[in-house]
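No hydrogens, no waters, no symmetry mates; every other heavy atom, side chains included, goes into these values.
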Amino acid sequence: MDLTSIQTINYIRNKYGFHMRKGLGQNFLQDAAALDNIIQAASLTPDSGTLEIGPGIGVLTARLAEASKKTVTIEIDTNLLEVLDETLAPYENIKIINADVMKVDLAALIAEEFSDCASVSIAANLPYYITTPILTRLLEDPALHVNDIVVMVQKEVAQRLCARPKTKSYSALSVLVAYHSVPEIVTVVPASSFVPPPKVDSAVVKLAMRTTPPIQPLSEKAFFKTVRAAFGQRRKTLINALCGSNLYSLSKEEMKTLITSLGFPETVRGEELGLQEFCVLSDALINSFK
């Protein structure tokens, strides 16, 4: 069964009376080349395991199972379970879990399901409406221990994930991604590659997970609090954004003195700072309260 074929997709929709649920961001991939790119990016081996989020009708799931030792896929939509039973029937190394990924203990799941695998990767064609919450959760969980995360996301989001300082797409999400991984846009996937086609193009992004962050702030919590505050009011200078966040008990003049003492101009904005600069800033803010 060629799950990228429009004939197969229509057969499944007609047989099961399945309707795409816009609220779940369901757009099914019919681009075999995009699947190849995802598989290659994940660097899977016969000894590796894969955790997939949102299998849809199983088009990526089948390819993951062919390339790895075991694939576990999490699907929230109960209406797709019967479909997946048919489309994935030929594969004995696939386990389907009907659950909301935001409510699953992923670290425990990975430890239980992939104990006999040499490595684990996460792959997903993420719904646009929940991309950031899912990625944030994956990146911030220190117990996951995965090699990489390969996701299909909205092209604009992909650009934010991989953005560098002083660019339009650079954001707090960019900092979070760079702290925990080395991001790379693998390929752009046009809207015409999906059924039904979304209104925007997508992109495949690989996040090669770091074993340790490239910086060592005094407090990781304070570091990301500072990052979020700096980007909270993008049009304002860093001084005004930090003071306006009401997170710090420093006057504007005191914040100005601290910022300039670090070698930053008083007109600097949050989007101009990289990981190291944010680390220096958050450490200085911590020390200012000692």
Side-chain angles (χ1 to χ4, degrees), residues 25 34 37-38 41-42 53 121-141 144 146-191 198-217 220-242 244-245 259 262 264-265 267-282:
N37 286 322
I38 294 174
I53 300 169
S121 295
I122 295 177
N125 180 6
L126 292 178
Y128 296 161
Y129 78 100
I130 200 171
T131 294
T132 299
I134 290 178
L135 280 178
T136 299
R137 184 177 176 211
L138 295 177
L139 290 168
E140 291 182 341
D141 190 338
L144 283 189
V146 297
N147 275 17
D148 46 55
I149 301 172
V150 182
V151 291
M152 178 103 68
V153 296
Q154 185 177 337
K155 181 181 176 182
E156 181 182 341
V157 174
Q159 292 169 337
R160 291 211 309 271
L161 295 177
C162 302
R164 308 288 292 179
K166 301 180 182 180
T167 63
K168 182 179 179 181
S169 298
Y170 190 58
S171 66
L173 180 60
S174 312
V175 177
L176 176 68
V177 169
Y179 184 87
H180 291 288
S181 72
V182 179
E184 170 194 2
I185 294 180
V186 176
T187 188
V188 174
V189 183
K199 295 180 180 180
V200 295
D201 291 340
S202 297
V204 176
V205 177
K206 177 177 181 176
L207 308 179
M209 300 303 291
R210 300 182 188 272
T211 53
T212 57
I215 56 170
Q216 300 297 323
E220 187 174 292
K221 182 178 180 181
F223 172 82
F224 284 110
K225 181 175 76 170
T226 300
V227 170
R228 289 190 294 270
F231 284 99
Q233 302 176 69
R234 287 188 69 98
R235 295 183 181 181
K236 293 190 175 182
T237 64
L238 181 61
I239 294 171
N240 287 334
L242 294 178
S245 69
I259 295 294
L262 299 176
F264 301 131
T267 56
V268 70
R269 299 178 186 275
E271 56 263 34
E272 298 178 59
L273 275 57
L275 286 176
Q276 185 59 47
E277 289 81 10
F278 272 120
C279 183
V280 169
L281 174 61
S282 68

Return a table of donor-acceptor pairs under 3.5 angstrom between the side chains of residues 175-190 and protein atoms on other chains or two or more places apart.
from: Y179; atom 1: OH; to: E220; atom 2: OE1; distance (Å): 2.9
from: H180; atom 1: ND1; to: L139; atom 2: O; distance (Å): 3.4
from: S181; atom 1: OG; to: V177; atom 2: O; distance (Å): 2.8

**Prompt:** Which pairs, with at least one residue in residues 147-167 and sequence neighbours excluded, count as a ring pair (Phe, Tyr, Trp, His ring centres under 6.0 Å)?
**Reply:** none

**Request:** Could you grab the distance from atom CD1 of I134 to atom CD1 of I53, nearest 0.5 Å is fine?
**Result:** 5.5 Å

**Asked** How many angstroms lie between atom CG of L126 and atom CD1 of I149, to the nearest 0.5 angstrom?
**Response** 9.5 Å

**Asked** After noting the C-alpha distance and the side-chain angles of L138 and V146, does the key distance pass the side chain to side chain contact (heavy atoms under 4.5 Å, CB included) rule?
**Response** CA-CA 10 Å; L138 295 177; V146 297; over 6 Å; no

If you look at every heavy atom in [X] and [Y], which pair is closest and at what distance?
X    : Y    : answer
L273 : F278 : O-CE1, 3.3 Å
L275 : I215 : O-CD1, 3.5 Å
A163 : S174 : CB-OG, 3.7 Å

Per-pair distances, 0.1 Å, donor-acceptor, side chain in residues 228-239, under 3.5 Å, sequence neighbours excluded:
from: Q233; atom 1: OE1; to: K236; atom 2: NZ; distance (Å): 2.9
from: R234; atom 1: NH1; to: Y170; atom 2: O; distance (Å): 2.6
from: R234; atom 1: NH2; to: Y170; atom 2: O; distance (Å): 3.2
from: T237; atom 1: OG1; to: N240; atom 2: N; distance (Å): 3.3
from: T237; atom 1: OG1; to: N240; atom 2: ND2; distance (Å): 3.3

**Message:** Strictly by side-chain hydrogen bond (donor to acceptor under 3.5 Å, both in side chains), give each pair with a member in residues 147-163 just once, sequence neighbours left out.
**Reply:** S121-D148

**Fill in**
Sequence neighbours excluded, the answer for ring-ring contact (aromatic ring centres under 6.0 Å, His included) partners of F264 is none

**Asked** So, do L207 and L135 sit near enough that their side-chain heavy atoms are less than 4.5 Å apart?
**Response** yes

**Prompt:** Which residues satisfy the side-chain hydrogen bond (donor to acceptor under 3.5 Å, both in side chains) test with E272, sequence neighbours excluded?
**Reply:** none

